[in-house]
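Each ligand, and each atom within it, is numbered from 1 in the order the structure gives. Everything numeric in this text was worked out from a predicted model, so none of it was measured.
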Amino acid sequence: MGEKKKLVLVGNGMAGMRTVEHVLKLAPDAYEITVFGAEPHPNYNRIMLSSVLAGGSDMKEIVINDLDWYADNGIRLYTGDAVVKIDTMKKKVVSESGVEAGYDALIVATGSNPFMLPLPGANKEGVIGFRDIKDCHLMMEASKKYKKAAVIGGGLLGLEAARGLLHLGMDVSVIHIHSYLMERQLDEPAAKMLQRELEAQGMKFLMAKQTAAIRGGRRADGLEFADGSSLDADLIVMAVGIKPNVELANSAGLQVNRGIVVNDFLETSVPGVYAVGECAEHRGIAYGLVAPLYEQGSVLAKRLAGVETGGYTGSVTSTKLKVSGVDVFSAGYFMDAPGTRSMRIQDDLEGTYKKIVLQDDKLVGAVLFGDTSDGASLFAKIKSGESVAGKEKELLLGFPAGGGAAASPAARLAAMADDEIICGCNGVSKGTIVNAVKDGCGTVGEIKACTKASGSCGGCKPLVEGLLELYGDGTAGEPVKEGICGCTSLGRDEIVESIRAMSLKSVKEVMNVLEWREPEGCSKCRPALNYYLGMLWPAEYMDEKESRFANERYHANIQKDGTYSVVPRIYGGVTSPADLKRIAAVAEKYDVPMVKFTGGQRIDLLGVKKEDLPKIWAELDMPSGHAYGKALRTVKTCVGSTFCRFGTQDSIGMGIALEKAFERLNTPGKVKLAVSGCPRNCAEATIKDLGVVAIDGGWELYVGGNGGVKVRAADLLCTVKTEEEVMEWTAAYLQFYREQANWNERTAQWVERVGLETIKAVLENAEERQALAARIEETLSRTTDPWKEIINSEELRKNFEPLPSAEQVVG
Ligand SMILES: Cc1cc2nc3c(=O)[nH]c(=O)nc-3n(C[C@H](O)[C@H](O)[C@H](O)COP(=O)(O)OP(=O)(O)OC[C@H]3O[C@@H](n4cnc5c(N)ncnc54)[C@H](O)[C@@H]3O)c2cc1C
Ligand SMILES: NC(=O)c1ccc[n+]([C@@H]2O[C@H](COP(=O)([O-])OP(=O)(O)OC[C@H]3O[C@@H](n4cnc5c(N)ncnc54)[C@H](O)[C@@H]3O)[C@@H](O)[C@H]2O)c1
Ligand code: SF4
Ligand code: FES
């Protein structure tokens with residue numbers, strides 16, 4: 001073997017070092033390698049700085065290659081020593097401390113610098129970017145001394161910084177120049193849902209605000225805005241984008257636009273000099289996410305190792321916000337544009353949103369909020385460019401992993417194709433991970449070491465864990481265990497049983513004792529635990545409002561424009577002139593833009609401002625119709641024997657009695673009832689969660705019906721003679737559903753899952769039926785009307801006050 005060539009890397013960061021790792025694998029003996037890093041650390045996972053700040057990781061855990069690794073691989077490393085000159089004629093670099101290193105091949109991987117707004121006062125102490133370990137330390141230190149932080153920029157970095165600062169106990173305001181957050185990754189509906197979720201975590205927002213200056217003496221003490229308002233702040237983090245770090249390349253005479261111009265083989269304008277990572281500009285794009293940079297690194301490594309490669313042709317990117325409790329995913333071209341078609345579903349109650357964008361017959365973009373489990377599959381379709389003609393609805397409603405959106409995480413993973421990418425950052429497919437598992441990797445750490453999957457942003461960790469559980473221990477293909485979400489591997493029954501057996505009494509306690517992976521949980525497990533605790537301990541458990549979706553916290557449905565809807569309870573759909581007058585007066589007084597009848601025979605006041613809600617409730621003086629919650633919604637009735645000539649029973653009376661008995665009941669999913677006065681069934685009782693149909697001399701009870709996305713005709717549960725029996729069977733059935741169903745499972749899914757015969761067997765046993773009815777009574781005896789509670793509590797009313805403007809924050 002001839003003498004080794006000299007490879008020098010300038011920039012000991014993520015892209016450059018990934019390239020070196022590849023070179024070592026492909027051609028371990030080809031180069032004598034020297035690395036210069038401006039930071040005084042070995043190579044670390046910059047992405048995880050957000051997690052360090054938010055308390056999810058330790059600084060020690062984010063080191064990718066420790067000093068021993070460099071030594072073991074024969075790499076000469078200079079840390080804390082920036083290269084200040086590249087001499088392309090003499091083919092050598094010179095560092096700040098005077099070290100000179102000659103090269104045959106030089107990689108420039110100097111990354112980016114945060115873009116610092118050139119504002120008056122921007123050089124004051126306390127004004128920082130968020131890019132490296134030093135910035136992270138500065139924020140941690142500031143949080144010990146100061147209270148108020150301002151983050152300028154509501155993009156990925158700004159929001160992750162703000163979440164970290166909240167975790168550190170600071171009062172955090174995000175100042176964003178646009179009217180909605182993350183406009184580079186999200187459309188407006190998803191961004192508004194995100195904002196509401198972050199507000200619920202305690203973040204404050206000043207939207208459509210332009211910062212004009214930074215106030216203060218030596219240290220910053222606040223911001224001034226272009227509209228004349230201001231905000232107090234002791235720490236100011238600028239997160240308004242990045243700019244490629246090209247100073248060195250410029251002075252060396254490399255061709256530079258926004259970034260260092262490279263071709264498909266990462267070659268710069270000077271022979272023997274390559275650029276990779278955020279500092280490089282390929283076909284006009286300088287990327288700011290690791291996945292494309294790693295793809296570049298892999299091509300460059302092949303080039304340097306003399307392995308054939310087709311070159312780098314550019315990347316479609318996807319992003320996930322790394323804020324615990326919030327699931328956001330965006331990929332490709334997600335905005336509507338001429339020539340594209342889009343489809344979307346938004347469920348304000350569940351707090352989920354999904355948009356897919358199609359061009360010709362291809363999927364070109366997607367935005368997901370609340371449930372991002374389809375992200376990997378959608379991204380695979382975007383990247384492959386395959387035709388999705390005829391499958392558009394399937395893509396929107398969920399992948400057919402044996403059941404689409406409702407399928408379990410394990411079923412979805414099992415149904416994924418082997419070439420689908422699980423780890424977006426590192427481009428690792430399901431097949432590669434499964435092979436690693438079959439080859440003996442028994443932990444996520446081992447899979448990471450072997451495939452790199454989960455080693456960067458960590459977003460794919462739940463999927464990697466899922467694959468480990470599915471294919472581990474030689475039981476390939478058979479689901480071993482599936483958790484209710486990525487935070488735990490425990491299923492619903494195990495959790496409920498543990499809560500009962502160990503007398504766990506709060507969401508936090510459940511997460512601690514049952515060793516949740518995410519200390520704060522997520523938007524799937526928090527509301528589920530809140531429900532299970534309330535169901536098991538009706539007497540003692542204090543509902544945790546912060547674990548509920550926004551609609552249930554505000555007791556009103558949020559509409560697409562951010563206003564709310566008010567649906568008062570109208571028992572059995574029967575109203576009175578006095579109630580109608582009051583509703584009309586309120587609608588006029590508060591300029592309610594629309595008054596509409598709902599499908600459930602209620603009156604809906606749409607377009608109400610949040611701050612008007614308590615006043616409107618007070619003036620209506622009617623109970624909440626719970627049109628926003630997982631609760632008994634409506635009991636629809638036909639006119640029945642009171643007026644109808646076909647009516648055999650008093651359906652209105654029965655409907656009102658049922659609604660009065662079970663209003664305010666918390667249930668795993670929403671519950672709709674109906675009562676028809678004869679088998680003509682004008683109240684459509686057989687597509688309800690529970691429908692009552694009068695027959696001669698009695699009543700039939702139907703269960704598990706649904707008239708929504710997937711229509712299901714209800715099954716006949718029983719035929720009874722008296723009204724008392726209808727009440728008892730209804731009570732027992734609802735309580736059995738409350739106790740047995742998964743949170744968020746409608747009765748239709750539940751009945752199908754457990755089988756009608758199982759439910760019948762329990763309810764036909766009079767003793768069990770009465771015990772269930774007694775348990776629901778205990779719960780019902782403790783419910784209160786949420787609107788009244790808010791009207792009567794000054795503290796609760798504060799949640800409805802408009803957000804303070806910047807001036808008031810100062811004041
Ligand atoms: C807080 C945070 C969270 C992020 N989260 C994500 C995420 O979830 N997903 C994602 O895909 N991306 C994320 N990113 C972006 C990702 O970290 C970057 O895209 C990636 O680190 C870029 O790699 P790079 O090697 O090009 O640059 P860097 O990792 O910045 O490395 C460049 C290195 O070069 C050094 N350097 C510069 N000039 C010189 C010189 N003259 N001499 C010697 N050394 C020099 C720098 O000090 C630096 O260490 C995040 C970024 C931050 C800051
Ligand atoms: N989860 C992730 O994938 C992740 C996390 C953090 C950072 N990153 C990456 O790090 C880089 C930096 O992130 P970023 O969020 O700073 O960049 P960005 O460019 O994605 O977002 C910057 C945001 O700041 C806003 N802004 C611009 N000027 C402003 C002003 N004067 N006042 C208020 N707001 C203003 C913009 O509207 C934009 O939304 C990006 O490449 C990003 O992709 C990714
Ligand atoms: S269901 Fe029967 S009783 Fe009720 S309105 Fe229709 S026809 Fe009349
Ligand atoms: S998706 Fe980021 S580490 Fe796997």
**Complete:** The atoms of ligand 2 lying under 4.0 Å from a heavy atom of I175, numbered in the order shown, are 33 (C), 34 (N)

**Message:** Considering both backbone and side-chain atoms of E183, is one of its nitrogen or oxygen atoms within less than 3.5 Å of a nitrogen or oxygen in ligand 2?
**Reply:** yes

**Request:** Please indicate whether any nitrogen or oxygen in I152 is less than 3.5 Å from any nitrogen or oxygen in ligand 2.
**Result:** no

**Message:** Please determine whether any non-hydrogen atom of T211 lies less than 4.0 Å from an atom of ligand 2.
**Reply:** no

**Item:** Nearest non-hydrogen protein atom, atom 12 (C) of ligand 2
**Value:** I242 CG2, 3.8 Å

**Request:** Tell me, with the steps shown, if S330 and Q185 meet side-chain hydrogen bond (donor to acceptor under 3.5 Å, both in side chains).
**Result:** CA-CA 6 Å; S330 160; Q185 291 85 15; over 6 Å; no

**Heavy atom of the protein closest to atom 21 (O) of ligand 2 (residue, atom name, distance)** = G155 CA, 3.9 Å

**Request:** Would you kindly specify which portion of Q210 sits under 4.0 Å from ligand 2, judged on non-hydrogen atoms: side chain, backbone, both or neither?
**Result:** neither

**Asked** For atom 4 (C) of ligand 2, which protein heavy atom lies nearest, and how many Å away is it?
**Response** L156 CB, 3.6 Å

**Prompt:** Of the protein's non-hydrogen atoms, which lies at the shortest distance from atom 14 (P) of ligand 2, and what is that distance?
**Reply:** L157 CB, 3.5 Å

**Request:** Please name all residues satisfying salt bridge (charged side-chain N to carboxylate O under 4.0 Å, His left out) with E420, sequence neighbours left out, ordered by chain then number.
**Result:** none

**Asked** Are F205 and H176 near enough that their ring centres are under 6.0 Å apart?
**Response** no

**Near atom 4 (Fe) of ligand 4 (cut-off under 2.8 Å), count of protein N, O or S atoms** = 2

**Request:** Might you confirm whether atom NZ of K461 has over 12 heavy atoms from other residues, nucleotides or ligands at distances under 6.0 Å?
**Result:** no

**Request:** Please work out whether any backbone atom (N, CA, C, O) or any side-chain heavy atom from C-beta onward of I47 is under 4.0 Å from ligand 2, and answer side chain, backbone, both or neither.
**Result:** neither

**Message:** Just to confirm my output: which protein heavy-atom neighbour is closest to atom 27 (C) of ligand 2, and how far is it?
**Reply:** V240 CB, 3.7 Å

**Prompt:** List by chain and number: which residues place a heavy atom under 4.0 Å from ligand 3?
**Reply:** C638, V639, G640, C644, F646, G647, G677, C678, R680, N681, C682

**Message:** Within the supplied structure, the quantity of interest is the number of heavy atoms (other residues, nucleotides, ligands) at a distance under 6.0 Å from E247 CD; does it exceed 12?
**Reply:** no

**Message:** Working to the nearest 0.5 angstrom, can you tell me the gap between C136 SG and R131 CZ?
**Reply:** 13.0 Å

**Request:** Indicate, as side chain, backbone, both or neither, the part of Q185 found under 4.0 angstrom from ligand 2 when only non-hydrogen atoms are considered.
**Result:** side chain

**Request:** Using distance alone, decide if ligand 2 has a nitrogen or oxygen within less than 3.5 Å of any nitrogen or oxygen in T319.
**Result:** no

**Request:** Write out the residue and atom name of the closest protein heavy atom to atom 9 (C) of ligand 2, then the distance separating them to 0.1 Å.
**Result:** G288 O, 3.5 Å

**Prompt:** Any N or O of K320 that comes nearer than 3.5 Å to an N or O of ligand 2?
**Reply:** yes

**Item:** Minimum-distance protein heavy atom relative to atom 17 (O) of ligand 2
**Value:** G241 CA, 3.4 Å

**Request:** Provide, to 0.1 Å, the distance between atom 19 (O) of ligand 2 and the closest protein heavy atom, together with that atom's residue and name.
**Result:** R184 NH1, 2.5 Å

**Prompt:** Quick one: ring pair (Phe, Tyr, Trp, His ring centres under 6.0 Å) partners of F130, sequence neighbours excluded?
**Reply:** none

